[in-house]
Amino acid sequence: RTNERLLQLIRFALIASILVMTLSSCDRGVLVSKKWTWKDHQWINGDAKSMTMTATDTTTVYQMDLRVDHEEYYTYQNLYVRTKTTYPSGKEVTSITSLELINADGSWAGDKGENCCVLTLPLQARFTFPEIGTYTWTIEPYMRVDTVKGVNSLKAICKKVKL
């Protein structure tokens with residue numbers, strides 16, 4: 001009986017340690033991630049969201065992804081966003097990006113849930129930070145309407161590229 005009990009404890013410890021390692025590896029390499037949610041499913045023009053990131057070197061290669069969660073009733077095939085990166089030196093770089101939410105066949109891209117769709121889009125596949133220090137990254141809607149209806153949330157993820 002003592003041996004059985006000991007084996008059970010060893011099995012439990014092994015399973016628990018594997019579970020902890022698996023869960024902790026999910027965010028391995030993530031420099032920063034931030035999620036913004038709109039409970040009313042409306043992203044209003046001018047409602048800029050931002051996050052900060054600290055670069056400790058200029059050689060590590062990163063990627064920036066954006067996860068979009070939108071309602072099935074979203075009425076456009078894409079979502080235009082304007083992003084602005086402010087460098088530690090104060091330099092600002094702005095770009096406009098069309099996030100394509102529909103496949104070529106007209107179906108929603110990504111994973112479709114009960115009434116919503118979730119997809120992760122690459123914003124920048126491979127980049128290095130040109131300066132050491134703290135960067136501010138900002139995103140806002142850049143559509144021809146004042147209120148973008150049907151957007152539930154956005155999640156920006158900046159992580160190291162696996163080489």
Side-chain angles (χ1 to χ4, degrees), residues 17-39 41-71 74 76-105 107-113 116-163:
S17 63
I18 289 171
L19 182 62
V20 167
M21 286 188 295
T22 301
L23 292 175
S24 66
S25 69
C26 292
D27 284 343
R28 186 171 289 161
V30 173
L31 177 64
V32 65
S33 72
K34 185 134 185 196
K35 183 176 180 179
W36 304 279
T37 302
W38 294 272
K39 293 190 184 331
H41 316 289
Q42 297 182 34
W43 193 10
I44 298 170
N45 190 19
D47 180 18
K49 302 300 182 187
S50 63
M51 67 180 187
T52 58
M53 331 175 229
T54 302
T56 57
D57 67 68
T58 59
T59 59
T60 303
V61 180
Y62 292 93
Q63 70 184 51
M64 177 77 88
D65 295 329
L66 189 64
R67 191 177 84 198
V68 180
D69 179 337
H70 66 89
E71 293 293 310
Y74 183 79
Y76 307 100
Q77 69 181 22
N78 55 8
L79 171 63
Y80 280 94
V81 294
R82 178 172 38 204
T83 60
K84 178 174 72 172
T85 304
T86 305
Y87 289 56
S89 64
K91 174 183 173 181
E92 293 182 348
V93 176
T94 302
S95 66
I96 296 168
T97 305
S98 173
L99 305 172
E100 300 298 321
L101 307 179
I102 291 189
N103 295 316
D105 66 2
S107 64
W108 288 115
D111 297 326
K112 190 171 174 214
C116 66
C117 303
V118 179
L119 72 150
T120 301
L121 300 160
L123 284 180
Q124 198 166 358
R126 297 177 60 83
F127 71 94
T128 57
F129 289 104
E131 301 174 12
I132 293 174
T134 301
Y135 290 75
T136 301
W137 183 80
T138 305
I139 186 169
E140 64 183 327
Y142 194 73
M143 302 285 283
R144 295 181 184 176
V145 295
D146 289 335
T147 303
V148 183
K149 297 178 182 179
V151 178
N152 299 326
S153 68
L154 294 177
K155 182 176 183 180
I157 305 133
C158 181
K159 61 184 176 182
K160 291 180 184 178
V161 171
K162 295 177 186 172
L163 300 175

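Quantities reported herein were computed from a predicted structural model and do not represent experimental measurements.
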**Student:** State, yes or no, whether a side-chain contact exists between F127 and C158 at a heavy-atom distance under 4.5 Å.
**Tutor:** yes
**Student:** Taking atom CD1 of I157 and atom OH of Y62, what is their separation to the nearest 0.5 Å?
**Tutor:**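 One finds 15.0 Å between CD1 of I157 and OH of Y62.
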**Student:** Can you confirm whether N103 is buried at CG, in the sense that more than 12 heavy atoms of other residues, nucleotides or ligands lie under 6.0 Å from that atom?
**Tutor:** yes
**Student:** If I take atom OG from residue S33 and atom CE from residue M64, how far apart are they, to the nearest 0.5 angstrom?
**Tutor:** 10.5 Å
**Student:** When you compare the side chain of M143 with that of L79, does any pair of heavy atoms fall below 4.5 Å?
**Tutor:** yes
**Student:** Verify side chain to side chain contact (heavy atoms under 4.5 Å, CB included) between Y74 and V68, making sure each step is shown before the conclusion.
**Tutor:** CA-CA 12 Å; Y74 183 79; V68 180; over 6 Å; no
**Student:** Show the nearest heavy-atom pair for residues L119 and G110, with the distance to one decimal.
**Tutor:** CB-CA, 3.6 Å
**Student:** Taking all heavy atoms of S50 and all of T138, pick out the closest pair and write down the distance.
**Tutor:** CB-OG1, 3.5 Å
**Student:** Between E71 and H41, is there a donor-acceptor pair closer than 3.5 Å when you use the side chain of the first and the backbone of the second?
**Tutor:** no
**Student:** Looking at Y135, I want to see if its OH is surrounded by more than 12 non-hydrogen atoms of other residues, nucleotides or ligands under 6.0 Å.
**Tutor:**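 It does: Y135 OH has more than 12 such atoms within range.
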**Student:** Measure the spacing between OG1 of T54 and CD1 of I132 and express it to the nearest 0.5 Å.
**Tutor:** 11.5 Å
**Student:** Considering all heavy atoms of both residues, which atom of M53 and which atom of V32 are nearest to each other, and what is their separation?
**Tutor:**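 In this case the closest contact between M53 and V32 is CG-CG1, 3.6 Å.
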**Student:** What's the separation between atom OH in Y80 and atom OG1 in T97, rounded to the nearest 0.5 Å?
**Tutor:**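 Taking OH in Y80 and OG1 in T97, the distance rounds to 10.0 Å.
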**Student:** Kindly determine whether V93 and Y87 satisfy side chain to side chain contact (heavy atoms under 4.5 Å, CB included), including the steps that lead there.
**Tutor:** CA-CA 8 Å; V93 176; Y87 289 56; 3.6 Å; yes
**Student:** Between D47 and K49, does at least one N-O distance fall below 4.0 Å, as a salt bridge requires?
**Tutor:** yes
**Student:** For the residue pair E131 and A55, what are the closest heavy atoms and their distance?
**Tutor:**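 Heavy atoms of E131 and A55 come nearest at O-CB, 3.8 Å.
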**Student:** Would you sort out whether E140 and K84 count as a side chain to side chain contact (heavy atoms under 4.5 Å, CB included), showing the intermediate values?
**Tutor:** CA-CA 9 Å; E140 64 183 327; K84 178 174 72 172; over 6 Å; no
**Student:** Is it true that the side chains of T128 and T58 contain a donor and an acceptor less than 3.5 Å apart?
**Tutor:** no
**Student:** Rounded to the nearest 0.5 Å, what separation is found between the CG atom of L154 and the CH2 atom of W43?
**Tutor:**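 It is 4.5 Å, given to the nearest 0.5 Å.
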**Student:** Could you walk me through whether C117 and L101 pass the side chain to side chain contact (heavy atoms under 4.5 Å, CB included) check?
**Tutor:** CA-CA 9 Å; C117 303; L101 307 179; over 6 Å; no
**Student:** Could you give the distance from CG (N45) to CZ (R144), rounded to the nearest 0.5 Å?
**Tutor:** 13.0 Å
**Student:** Are any non-hydrogen side-chain atoms of D69 and K155 less than 4.5 angstrom apart?
**Tutor:** no
**Student:** For P141 and V148, work out which heavy atoms get closest and say how close.
**Tutor:**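 Shortest heavy-atom separation between P141 and V148 comes out as CB-CG2, 4.0 Å.
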**Student:** Do W137 and K34 have side-chain heavy atoms sitting under 4.5 Å apart?
**Tutor:** no
